[in-house]
Number of protein chains: 2
Amino acid sequence: MLTHAAEDYLKSIYKLQEKGGKVSTGILAEYLEVKPASATGMIKKLKTMKLVRYERYRGVTLTATGRAIALEIIRHHRLLELYLFKALGVPWDGVHEEAEKLEHVISEDVEARMDEFLGYPTADPHGAPIPDKNGVVVKTASIPMTDLQDGQSCVVAEVSDNDSALLRHLGSFNLYPGTAFRVIEVAPFEGPFTIDIAGQQVVIGREVAKHVFVDQVQDPDNV
Amino acid sequence: MLTHAAEDYLKSIYKLQEKGGKVSTGILAEYLEVKPASATGMIKKLKTMKLVRYERYRGVTLTATGRAIALEIIRHHRLLELYLFKALGVPWDGVHEEAEKLEHVISEDVEARMDEFLGYPTADPHGAPIPDKNGVVVKTASIPMTDLQDGQSCVVAEVSDNDSALLRHLGSFNLYPGTAFRVIEVAPFEGPFTIDIAGQQVVIGREVAKHVFVDQVQDPDNV
DNA sequence: CCTATAATTTAGGCATGCCTAAATTAGTTT
DNA sequence: AAACTAATTTAGGCATGCCTAAATTATAGG
């Protein structure tokens, strides 16, 4: 069995690898909030366990085994988030933190029971896909909200889950996965987005919009 | 915040103190499946934190603070056991093991939600009392099954929770807390108990009976 | 090409929590 | 009271996982 720390490293390498191939020691350390020297140490340990590929100064990537373990942990995390949200009513800005601790200790048996209770779901409360038992993840083709233009309509697919203040903010606009909205105006010079959610006009700053991903984009009718 | 290990020590000291006052290093070490030398080390650490009273070669006891923490962990453990049992259908011989891992990471918020879901229960699936939020435990006056005589009727109050094979065995007889039975015969020379559960005759060995505690003992009608 | 800067790695240290082996203390027995 | 036994404590070691500080390597600019 792996230590909690090792599991966290694998999970983080997986996530960073998603957007950028090889993962540098520095990026990984920053993501995990440890010093680069500590990351080097753990990477070496993971290499002896054949969970990562690594050459010094060259970055790190997961092996097939390492990836499988990372996806297992991510599955635990996202199922737990959804379970806490649906079964216990934990607010969506709190589930990440809770799941972060529980993901390392939950058994396969309990996980399977939660999965059944939830009806074998495919996305967590933030819209992130839940890998299945075999580690298969359905990639979504969502685009960042910052790519939207005036007049376009869409549906929220996913939002970043790691900043609970941001989530509370989005929640105050009802900007959950599944919520539809239309862009009324994109202010020039990297300005904010004015959008229409169910008849309500809302202004969303650029920094916030970076963390919102959307699907089903439709151009305005009057083109 | 305390380490998981420290929490386990406090919980164990509490349980051992219940039946026997001061707790010796050896007993504690045996209970925690650790060497006596390791227990001495942790006891010293707990003493500097003022969670235990301790003088070398004299045994250890909890301070008020230490006791409060122990009861908090025990509350986590027992609420989790009941939640896993009732909400997720985990079999009663599996909940102890699961709760043992979860008790150290569950938040007060999630615990409060489980408590509410369960309707503020007072006993776990093995009949052990659940301390309330303020650390108040209702002591039960149960007696060991081994004290029963021919003909007496009673109700199961509590069973030991730490041996899952034993629990499966008891489960196969429907010997759960709340189950009523009548003693048909106590075989002489430390022999087994023959009992009547809902019309079924069952033979219970002495070693098993030691782990079953009963309430509401009534003498036979024909006295 | 060679040097400056930034990233990374190595070296050495610290806390936790376990271990074994040796020394000490308590308590009982003669 | 001395000696023996059993329990306990001390001493020293090991793995994990973090840290800081110093050395090394990569890479880009002149």
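This one's a predicted model, so the numbers in the text were calculated from it and none came from an experiment. Lettering follows sequence order; numbering is per chain, from 1.
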Q) Does A/T25 make a side-chain N or O approach to OP1 or OP2 of C/dA7 shorter than 4.0 Å? A) no
**Q.** Sidechain N-carboxylate O distance under 4.0 Å for A/E100, A/K11
**A.** yes
(Q) Among D/dT10, C/dT9, D/dG17, which nucleotide has an atom closest to any side-chain atom of A/R56? (A) C/dT9
Q) OP1 or OP2 of C/dT8 sitting under 4.0 Å from any side-chain N/O of A/S24? A) yes
Q.
Can you measure A/H104 atom NE2 to D/dT16 atom C1' for me and round it to whole angstrom units?
A. 15 Å
Q. Once you round it to whole Å, what is the distance between P of C/dT24 and CD of B/E55?
A. 21 Å
Q. CE of B/M42 versus P of D/dT9: gap in Å, rounded?
A. 15 Å
Q. Angle class for the B/Y176/B/W92 ring planes (parallel below 30°, perpendicular above 60°, tilted otherwise)?
A. perpendicular
Q.
Please classify the nucleic acid contact of A/T3 as base, sugar-phosphate, or nothing, using heavy-atom distances under 4.0 Å.
A. sugar-phosphate
Q. Do A/E18 and A/K139 meet the salt-bridge criterion of a basic N to acidic O distance under 4.0 Å?
A. no
Q: Using whole Å, report how far CD1 of B/I43 lies from P of D/dT10.
A: 11 Å
Q) Considering only D/dA7, C/dC18, C/dT9, which nucleotide approaches the side chain of B/A5 most closely? A) C/dC18
Q. Just how far, in rounded Å, is C1' of D/dT16 from CD of A/E7?
A. 14 Å
Q) Which one, D/dT9, D/dT27, C/dT16, comes nearest to the side chain of A/R58? A) D/dT27
Q) To the nearest angstrom, how far is A/K22 atom NZ from C/dT8 atom P? A) 13 Å
Q | Audit row: A/D124, A/H77, side chain to side chain donor-acceptor pair (under 3.5 Å) steps and yes/no | A | CA-CA 9 Å; A/D124 76 9; A/H77 181 92; 5.7 Å; no
Q) What is the distance from CG of B/L2 to C1' of C/dG17, rounded to the nearest Å? A) 14 Å
Q. Of the nucleotides D/dC18, D/dA11, C/dA26, which one has an atom closest to the side chain of B/A37?
A. D/dA11
Q.
Need one value for B/S38: base, sugar-phosphate or nothing, where a base atom within 4.0 Å counts as base even if backbone is also close, heavy atoms only.
A. base
Q. Between A/K35 and A/Y57, which has a closest nucleotide on DNA chain D that is more 5'?
A. A/K35
Q | Salt bridge B/K210-B/E207, side-chain N to carboxylate O under 4.0 Å | A | yes
**Q.** Whole-Å distance separating the NZ atom of B/K44 from the C1' atom of C/dC18
**A.** 15 Å
